[in-house]
Number of protein chains: 2
Amino acid sequence: MKLTELKAIKLSELFSALSDASRVRIISLLIEGEMSVSALADGLKMSESAVSHQLRGLRQMHLVRARKSGRQVFYSLDDDHVARLFTLGLDHVQHG
Amino acid sequence: MKLTELKAIKLSELFSALSDASRVRIISLLIEGEMSVSALADGLKMSESAVSHQLRGLRQMHLVRARKSGRQVFYSLDDDHVARLFTLGLDHVQHG
DNA sequence: ATAATATATGAACAGTTGCTCATATATTCA
DNA sequence: TGAATATATGAGCAACTGTTCATATATTAT
């Protein structure tokens, strides 16, 4: 399969979004449903700042979307490709 | 989905293996079939040293396997999870 | 208005990454 | 044996990453 350099970069950027354990754990929680920044921070025992920084990256990659409600912001997965990549990868890690 | 820290790390390591454009391009060529280091270097216009360094990482992640023949080493994808992750990701990049 | 809460953001810093260059190892050929 | 070829590896370095800390913005409550 011949890949243009641009597509190779885009593809690597997509995988980069999942290339950190903190982000993987964030995704793993969001698979259950939307969650606020502080709920994520609590659940992952990370600082809210660190979570917020990571969410920004995930947002920019269109892997998550934000919904603001009052002073909270609820994040959820942007589309099902994300969950499919996640579970396919998990498959490889667990068995393969 | 509750992930242990260990699985989160393993999963992020898997995605890290695909988080660089050079490695993505290597995988894209290996999807066609096995290829020697120098053929990869030629096809990708990378130095053989750089390709070899990247192949080592991919080998350690069990994404590619090596077959030695004479003084050449032919690399191929280690299992089909790799190709599936690749094409699913490409899907997301092209449409989604 | 002021204070409190939830999130976002910038700077800075340690750790990591991917390359180049030099060198080492392994295999083939003369 | 010695030279040539194919690949691997280590050091070194510039670029990137993920966190913390301090601060900013936005919303709600008093």
Side-chain angles (χ1 to χ4, degrees), chain A residues 3 5 8-30 34-76 78, chain B residues 3 5-6 8-30 33-76 78:
Chain A
L3 265 199
E5 177 65 11
I9 290 173
K10 288 288 178 196
L11 195 43
S12 68
E13 285 173 349
L14 170 62
F15 288 120
S16 294
L18 299 169
S19 71
D20 171 78
S22 296
R23 286 192 295 274
V24 161
R25 290 162 73 226
I26 288 174
I27 299 291
S28 80
L29 288 187
L30 293 184
E34 70 174 13
M35 230 182 262
S36 71
V37 176
S38 51
L40 285 167
D42 280 2
L44 301 175
K45 288 178 189 154
M46 288 175 65
S47 75
E48 294 174 7
S49 176
V51 170
S52 184
H53 274 294
Q54 295 293 15
L55 286 170
R56 172 157 66 156
L58 291 170
R59 222 188 312 132
Q60 286 170 346
M61 299 299 277
H62 301 104
L63 297 196
V64 304
R65 77 161 56 97
R67 176 180 70 84
K68 192 163 188 176
S69 170
R71 52 190 148 186
Q72 301 192 83
V73 177
F74 292 93
Y75 281 84
S76 54
D78 196 328
Chain B
L3 266 200
E5 177 65 11
L6 178 61
I9 290 173
K10 288 289 177 196
L11 194 43
S12 68
E13 286 172 348
L14 170 63
F15 289 120
S16 295
L18 299 169
S19 71
D20 171 78
S22 296
R23 287 192 295 275
V24 161
R25 289 162 74 227
I26 288 174
I27 299 291
S28 80
L29 288 187
L30 293 183
E34 71 174 13
M35 231 182 261
S36 71
V37 176
S38 51
L40 285 167
D42 279 3
L44 302 175
K45 288 179 191 153
M46 288 174 64
S47 77
E48 294 174 8
S49 176
V51 170
S52 184
H53 275 294
Q54 295 293 14
L55 286 170
R56 171 157 68 155
L58 291 171
R59 221 188 313 133
Q60 286 169 347
M61 298 301 275
H62 300 104
L63 296 195
V64 304
R65 77 160 57 96
R67 177 180 71 84
K68 191 163 188 176
S69 171
R71 50 191 150 185
Q72 302 192 79
V73 178
F74 292 93
Y75 281 84
S76 55
D78 195 329

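Chain identifiers are assigned alphabetically (A, B, ...) following the order of the sequence lines, protein sequences preceding nucleic acid strands; residue numbering begins at 1 within each chain. Only a predicted model underlies this, so the values are computations on that prediction, with no experimental measurement involved.
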B/Leu55 has an atom CG; how far is it from atom C1' of C/dT17, in whole Å? 16 Å
Determine: side-chain N/O of A/Arg23 to OP1/OP2 of D/dT17, distance under 4.0 Å, yes or no. no
Would you say a side-chain N or O of B/Ser47 is under 4.0 Å from OP1 or OP2 of C/dT20? yes
Whether the side chain of A/Ser49 and the base of D/dC21 hold a donor-acceptor pair under 3.5 Å is what I'd like checked. yes
Categorize B/Glu48 for me: base, sugar-phosphate, or nothing, with a 4.0 angstrom heavy-atom threshold over every strand shown. base
Starting at atom CZ of A/Arg67, determine the distance to atom P of C/dA6, rounded to an integer number of angstrom. 16 Å
With respect to the side chain of A/His53, which nucleotide from D/dT9, C/dT9, C/dG18 is positioned closest? C/dT9
Between A/Ser69 and A/Phe74, which heavy-atom pair has the shortest distance, and what is it? CB-CE1, 3.9 Å
Categorize A/Ser38 for me: base, sugar-phosphate, or nothing, with a 4.0 angstrom heavy-atom threshold over every strand shown. sugar-phosphate
Taking 4.0 angstrom as the limit, do A/Glu34 and A/Arg65 come out as a salt bridge? no
Within a strict 4.5 Å, meaning less than it, do heavy atoms of the B/Leu18 and A/Leu18 side chains meet? no
Whether A/Lys68 contacts C/dT7 is assessed here as follows: a side-chain N or O lying under 4.0 Å from the phosphate OP1 or OP2. Is that the case? no
Exam field: side chain A/Arg59 to backbone A/Ala66, donor-acceptor pair closer than 3.5 Å: no
To the nearest angstrom, the CZ-P distance between B/Arg71 and D/dA3 comes to 15 Å
How long is the line joining CG of B/Leu40 and P of C/dG18, in whole Å? 17 Å
Calculate the interatomic distance between A/Gln54 atom CD and D/dT17 atom P; express it in whole Å. 11 Å
Write down the distance between CZ (A/Phe15) and C1' (D/dC16), rounded to a whole number of angstrom. 20 Å
Rounded to whole Å, the CZ-P distance (A/Arg56 to D/dG18) equals 13 Å
Looking at the side chain of A/Ser52, which of D/dT5, C/dT9, C/dA6 is the nearest nucleotide? C/dT9
Atom NZ of B/Lys45 and atom C1' of C/dT20: how far apart are they, to the nearest Å? 19 Å
Report yes if the side chains of A/Ser49 and A/Ser52 come closer than 4.5 Å at any heavy-atom pair, otherwise no. no
Remember a base hit wins even if backbone is also touched, and classify A/Tyr75 as base, sugar-phosphate or nothing at under 4.0 Å, heavy atoms. sugar-phosphate
